[in-house]
Amino acid sequence: MSEKIEKPEEVPVEEADDNTAEAEEGAAGTAMSKSAKKRAKQKAAAARKKEAEEAGLVVEGEPKGEVETEEGGEGEASKKKKKKKKKKQNGCTQQTWPEPTVPVSKQFPADAYPEGEVVEYHHEWNKSRIEDDEKRAMDRLENLKYNELRRGAEVHRQVRRYINDTIKPGMLLIDITNRLERKVEELIEADGLKAGKAFPTGCSVNFCAAHWTPNTGDKTVLNYDDVVKFDFGTHISGRIIDCAWTHNFNPDFDPLKAAAKAATEEGIKQAGPDARLGEIGEMIREVMESHEIEINKKVYTIKSIENLSGHSIEPYKIHAGKSVPIVGNKEPTKMEEGEVYAIETFGSTGKGFVREDLETSHYMREFEMSNIPPLRNPKAKQLLGFINKNFGSLAFCRKWIDQLGETKHFMALRQLVDAGVVEPYPPLCDIKGSYTCQYEHTIILRPTCKEVLSRGDDF
């Protein structure tokens, strides 16, 4: 406990000075010379200074506390607080908070972005990798690839911290997603297909588990009792970070998101070269379904959503061919060294099975275009050129097309879907009245270890 310091009594210096001056002037007579008056004033000033020092109001010739300065100011008490500047360390600029405004490339020296969480492989057959000299040499050869992934991951961490700190009940979901996507573009320094958003921001609410984002004009409001799954991606040179989390305001839903978080961690633990995908799914299901939640005095076992899964990722290809199930099956396919995976799990208080529902917002052009028949409709051709230029094979949404100026695109988009050029991804929903949850991380199976690229302080 600190001691309160009492302010010293003020010395009536002005009265003392005036009396001293008058006494000296009286002793010298009314005919005192100018030089004598000057000496008297100097003497009085010296007396004032001495008295102030004895009272503790002056240190090393400078006024303390609220002693007035010669300019009539109030000393240190009146000084305005200076605005904090962005500090530079090693030529790099620190991030600004609570709103991040400094691009990630300006925060780290020589493009050396933070490493994700490094985890040794779980299985016995992989444990020697961490000390294998040949594997270490192979690891070093991939530094450019790792660095691009880590840059995208750092953007993801900073954007989700910003969004989590700013969202409140009563906000429009379209406003939240627009804010999030603008911040991604700012921090990643969006550059066409070289760097930017990897897919639309999913913000699926309650019984909707995935693939929902507001279309232009949507007025959906985020409420206190909503459970929303935020799922967004970043990319550098097509190297995608896919990461998601569940957000709730009402703490009654904490057990729901705890189940998905624990299940995702189990999936990460079991991942590694030669791990069988079907066996990983069974481990995930066991963890997920060991959790329960009570809602309105009814207890629900949290089920793994059997027809949703994680997936492998390749440059510019979000779904690269391998699926990581979240329930057990007899899938014999194995993970391989060097692969990138989105390990994601979904839980539900409903049936644990999703169907297509609600208005479609997500679309993606086919990755392979060699077998696509020629288009005859000029508007469809024009829109395809627009998609190739702005999105390539990355997923996009109708809102983005509107924002880039193509507001009358719906019929042409439908024709591209009918021709098999573009694939729609409708929202995926469990039964109405149920609640769903999701957590997801992007990992890479390095020669020596696995790296959880999107790991942050939050999850």
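Model, not experiment: these values are computed from the prediction.
Ser312 and Glu339 are not linked by any side-chain donor-acceptor pair at a separation below 3.5 angstrom, with hydrogens and angles left out of the test. Defined by atom type and a distance below 3.5 Å, a donor-acceptor pair is missing between the side-chain atoms of Trp97 and Asp165. Defined by atom type and a distance below 3.5 Å, a donor-acceptor pair is missing between the side-chain atoms of Ser361 and Lys399. A donor-acceptor contact closer than 3.5 angstrom links the side chains of Thr345 and Thr264. Asp430 and Ser348 share a donor-acceptor pair across their side chains, judged by distance under 3.5 Å alone.
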Derivation and outcome, side-chain contact (heavy atoms from CB on, under 4.5 Å), residues Met369 and Val421: CA-CA 8 Å; Met369 295 289 289; Val421 178; 3.8 Å; yes
Given the rule in the side-chain contact (heavy atoms from CB on, under 4.5 Å) test, do Leu428 and Phe346 qualify, once you have shown the distances and angles that lead to the verdict? CA-CA 11 Å; Leu428 301 173; Phe346 296 84; over 6 Å; no
I'd like to know whether Thr442 forms a side-chain contact (heavy atoms from CB on, under 4.5 Å) with Ile240, so could you lay out the CA-CA distance, the side-chain angles of the two residues, the decisive distance to 0.1 Å, and finally the verdict. CA-CA 8 Å; Thr442 296; Ile240 297 169; over 6 Å; no
side-chain contact (heavy atoms from CB on, under 4.5 Å) between Ile236 and Tyr113: does it pass, once the steps are laid out? CA-CA 13 Å; Ile236 301 290; Tyr113 299 102; over 6 Å; no
Could you go through Phe199 and His235, starting from their C-alpha distance and side-chain angles, then the distance that decides it, and tell me whether this counts as ring pair (Phe, Tyr, Trp, His ring centres under 6.0 Å)? CA-CA 9 Å; Phe199 52 84; His235 84 93; over 10 Å; no
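The 12-atom threshold is exceeded at CG of Asp458, counting heavy atoms of other residues, nucleotides or ligands nearer than 6.0 Å. Within a 6.0 Å sphere centred on NZ of Lys379, heavy atoms belonging to other residues, nucleotides or ligands number 12 at most. Heavy atoms from other residues, nucleotides or ligands lying under 6.0 Å from CD of Glu294 number more than 12. More than 12 heavy atoms of other residues, nucleotides or ligands lie within 6.0 Å of CD in Glu99, so this atom counts as buried by the packing criterion. Within a 6.0 Å radius of CD in Glu286, other residues, nucleotides and ligands contribute more than 12 heavy atoms.
One finds no salt bridge joining Glu306 and Lys351 here, because no Lys/Arg side-chain nitrogen approaches an Asp/Glu carboxylate oxygen to under 4.0 Å. Note on Glu115 versus Arg446: salt bridge recorded, some NZ/NE/NH1/NH2 to OD/OE distance being below 4.0 Å. The pair Glu154-Arg151 does not count as a salt bridge, with every side-chain nitrogen at least 4.0 angstrom from each carboxylate oxygen.
Checking each of Ile343, Val340, Val119 against Ile443 for a side-chain contact (heavy atoms from CB on, under 4.5 Å) leaves exactly one that passes, namely Ile343. Each of Ile174, Leu180, Ile176 was checked for a side-chain contact (heavy atoms from CB on, under 4.5 Å) with Asn178, and the lone residue meeting it is Ile174. Of the residues Thr246, Asn206, Thr436, the one that meets the side-chain hydrogen bond (donor to acceptor under 3.5 Å, both in side chains) test with Lys229 is Thr436.
Taking all atoms of both residues into account, the shortest heavy-atom contact from Glu366 to Gly420 is CG-O, 3.2 Å. Considering every non-hydrogen atom in both Thr360 and Pro427, the closest pair reads CA-CD, 3.9 Å. Across all their heavy atoms, Pro98 and Tyr162 have their closest contact at O-CD1, 3.6 Å. When all heavy atoms of Cys243 and Arg160 are compared, the closest pair comes out as SG-NH1, 3.6 Å. A pairwise comparison of heavy atoms in Ala275 and Ile280 identifies CB-CD1, 4.0 Å as the closest pair. Nearest approach of Glu148 to Ser237, heavy atoms of both residues: OE2-OG, 3.3 Å.
Contact annotation: the side chain of Arg179 approaches that of Met171 to within less than 4.5 Å [non-hydrogen atoms, C-beta and beyond]. Annotation: side chain of Cys203 is in contact with side chain of Pro214 (closest heavy-atom distance under 4.5 Å). Inter-residue side-chain proximity for Ile130 and Tyr121 is flagged as unmet; no heavy-atom pair is nearer than 4.5 Å. The shortest side-chain heavy-atom distance between Phe459 and His441 falls under the 4.5 Å cut-off.
Taking the six-membered ring where the residue is Trp, His247 and Phe249 present perpendicular rings, their angle passing 60° and hence far from 30°. Note on ring orientation: taking the six-membered ring where Trp is involved, the planes of Phe396 and Phe391 are parallel (angle under 30°, cut-offs 30° and 60°).
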For residues 188-197, please give each side-chain donor-acceptor pair under 3.5 Å, one per line with the distance, not counting sequence neighbours.
residue : atom : partner : partner atom : Å
Glu189  : OE1  : Ser105  : OG           : 2.4
Glu189  : OE2  : Lys106  : NZ           : 2.9
Lys197  : NZ   : Glu185  : OE2          : 2.5

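Remark: Arg150 is not positioned above the aromatic ring of Phe108, lacking an NZ or CZ atom under 6.0 angstrom from the ring centre and at most 45 degrees off the axis.
Of the possible polar contacts, none joining the Glu337 side chain to the Pro273 backbone as a donor-acceptor pair under 3.5 Å is found.
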